[in-house]
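These notes are about the structure you will find just below.
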Amino acid sequence: MTEQLNPFKMAQAQLDKAAKKLNLDPQMHAFLREPMRELWVSIPVRMDDGTTKIFRGFRVQYNDARGPTKGGIRFHPEETVDTVRALSAWMTWKCATVNIPYGGSKGGIICNTKEMSQGEIERLARGYIDQIWRFIGPEKDIPAPDVYTNPQIMAWMMDEYSKIMGYNVPAVITGKPIPLGGSLGRGDATAMGVVYTIREAAKIVGIDLKGATVAIQGYGNAGYNLSRLLAKRGCKVIAVCDSKGGILNDEGLDYEAVKEHKNKTRSVIGFPGAKQITGEELLTLKCDFVIPAALENQITGRNADNIKAKVVAEAANGPVTLEADEILSKKGVFQVPDFLCNAGGVTVSYFEWVQNIYGYYWTEEEVYEKLDKKMTKAFYDVYEMAKRESVDNRTAAYMVAVDRVAEAVRLRGWV
Ligand code: NAD
């Protein structure tokens, strides 16, 4: 059980399950079970009080057979290298599932930005690039925002990298602000991708999106944008939560008012007219869709049997453990696995990189049209595989992805 909650062990166990189904060559399997490269860094940062604090950070490049590696940077007080490893593996499978020409990577810094000033965060962001710049680049490894990082932090990082190189390199990082080469549609990309997969899952399960009830765990970038986009499609978002707790209103929540309340009080809890619930209660509410959009390991062997939703759409990375997968599958819950469900962000990141290299920018409509095509194709690649091989959707997504990565490794002659 403890083993299973180590996210990297979980990612390896998920791969093992798919490798068995694919009859993967044992040497290929051994190669794909571990990251190809890891960098551990110490970042000295001058704090506002004049002291110097040393932060630990990681950058893990899992596999680059299909192209330069791609993956976000997280600022989190409980960051561990195993979380970063797992996320880098998931990025590899995610990019392969949506068929974009990237490998996978991830970065993380152990820090609590809630206790830091903007100046300290900027110096930390620049310090991280000073440590990893040899390791990244538009043709090598392209970072992006993730938990507790944002476009401003990406702007500082891109600027630091450009200063070191001596020329402007917008394509080194995605998720930048629009005036610095960010793509239109990037802000909503992850949530929009989740919405496209939910739309297709609803058709298969037989749910009418108009009036469908939704509970969302997490009210950050992914969670808030999802509430807004789903409400616009007629869904009723009845519950949301953040790290402090959750709120429920069976009639549906006003997403904008909840956001204003969170901005003012730093939490969704205490929102007028809603019942207070725990994050745990939110996951087990009776509703059509439960969307984990916070952290990993949220639906586990402990609570999976209590899930009452028809569809679990995994906007977060690694929110459902392997043990929980089996329970959900037996219960007939339709799962949209993380690296399919939340691939909208990396897909528009890819579009951003293409536009930066091209020096030619698309309209928001063009971005969403291309995103919809990519996500819908990936959804049915996975769904068809699941039907054909009689496996759950996560195993099917792994089978699609691992097959594509293994083919690239084989063609390169590595294994
Ligand atoms: P964010 O930092 O904007 O928001 C995270 C939210 O989760 C916050 O509301 C926070 O309060 C909440 N949270 C933290 N711990 C919690 C807990 N224990 N219980 C309930 N809520 C908790 O992050 P984000 O960008 O929205 O990312 C959320 C998830 O989506 C992560 O797993 C991330 O890897 C994944 N994801 C994000 C993107 C993206 O483009 N933003 C892309 C792909 C995947």
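Numbering of ligands and ligand atoms starts at 1, following listing order. Here the structure is a predicted model, which is why all the values come from computation and not from measurement.
- Ser243 CA, 3.9 Å is the protein heavy atom nearest to atom 17 (C) of ligand 1.
- Using a 4.0 Å cut-off between a side-chain N of Lys or Arg and a carboxylate O of Asp or Glu, Lys20 and Asp16 do not qualify as a salt bridge.
- A donor and an acceptor atom, one from each side chain of Thr174 and Lys70, are located under 3.5 Å apart.
- Below 4.0 Å from some heavy atom of Ala222 lie the following atoms of ligand 1, by number and element: 24 (P), 26 (O).
- Looking only at protein heavy atoms, the nearest one to atom 10 (C) of ligand 1 is Tyr148 OH, 3.9 Å.
- Residue contact check for ligand 1: Arg186 places a non-hydrogen atom closer than 4.0 Å to it.
- Neither the backbone nor the side chain of Pro319 has any atom closer than 4.0 Å to an atom of ligand 1 (non-hydrogen atoms only).
- The aromatic rings of Tyr383 and Phe334 sit tilted relative to each other, their planes meeting at an angle between 30° and 60°.
- In this structure, the protein non-hydrogen atom closest to atom 40 (O) of ligand 1 is Thr190 OG1, 2.6 Å.
- Nearest to atom 20 (C) of ligand 1 among the protein's heavy atoms is Asp242 O, 3.3 Å.
- With 3.5 Å as the limit, one finds no donor-acceptor pair spanning the side chains of Trp353 and Gln355.
- Nearest protein heavy-atom neighbour of atom 27 (O) of ligand 1: Val147 CG2, 4.1 Å.
- Contact annotation: for Ala293 versus ligand 1, heavy atoms closer than 4.0 Å belong to the backbone alone.
- Using a 3.5 Å distance cut-off with no hydrogens or angles, the side chains of Ser162 and Asp159 do not pair a donor with an acceptor.
- Nearest non-hydrogen protein atom to atom 8 (C) of ligand 1 is Gly220 N, 3.9 Å.
- Using a 4.0 Å cut-off to heavy atoms of Ala315, the atoms of ligand 1 that qualify are 30 (O), 35 (C), 36 (N), 44 (C).
- Given atom 25 (O) of ligand 1, the protein heavy atom at minimum distance is Asn221 CB, 3.5 Å.
- Electrostatic pairing of Lys53 and Glu120 does not count as a salt bridge here, judged by no charged N lying under 4.0 Å from a carboxylate O.
- Distances from atom 34 (O) of ligand 1 to the protein include at least one heavy-atom value under 4.0 Å.
- For a threshold of 3.5 Å applied to N or O pairs, the pair formed by Asp146 and ligand 1 contains at least one separation below that value.
- Residue Tyr219 places at least one N or O, backbone or side chain, under 3.5 Å from an N or O of ligand 1.
- In terms of protein heavy-atom proximity, atom 31 (C) of ligand 1 is nearest to Ala294 O, 3.0 Å.
- A side-chain N or O of Arg199 and one of Thr376 form a donor-acceptor pair less than 3.5 Å apart.
- Under the 4.0 Å criterion applied to side-chain N and carboxylate O atoms, Arg186 and Glu364 are not assigned as salt-bridge partners.
- Note on Lys9 versus Asp82: no salt bridge recorded, every NZ/NE/NH1/NH2 to OD/OE distance being 4.0 Å or above.
- For Met91, no heavy-atom contact with ligand 1 is shorter than 4.0 Å.
- The OH atom of Tyr219 sits 9.5 Å away from atom NZ of Lys262, with the distance rounded to the nearest 0.5 Å.
- Taken to the nearest 0.5 Å, the CD atom of Glu79 stands 9.5 Å off from the NZ atom of Lys106.
- Residue Ala316 approaches ligand 1 through these ligand atoms, each under 4.0 Å from one of its heavy atoms: 29 (C), 30 (O), 32 (O), 35 (C).
- Distances from ligand 1 to the non-hydrogen atoms of Gly345 include no value under 4.0 Å.
- Summarising the local packing, NZ of Lys330 is surrounded by 12 or fewer heavy atoms from other residues, nucleotides or ligands at distances under 6.0 Å.
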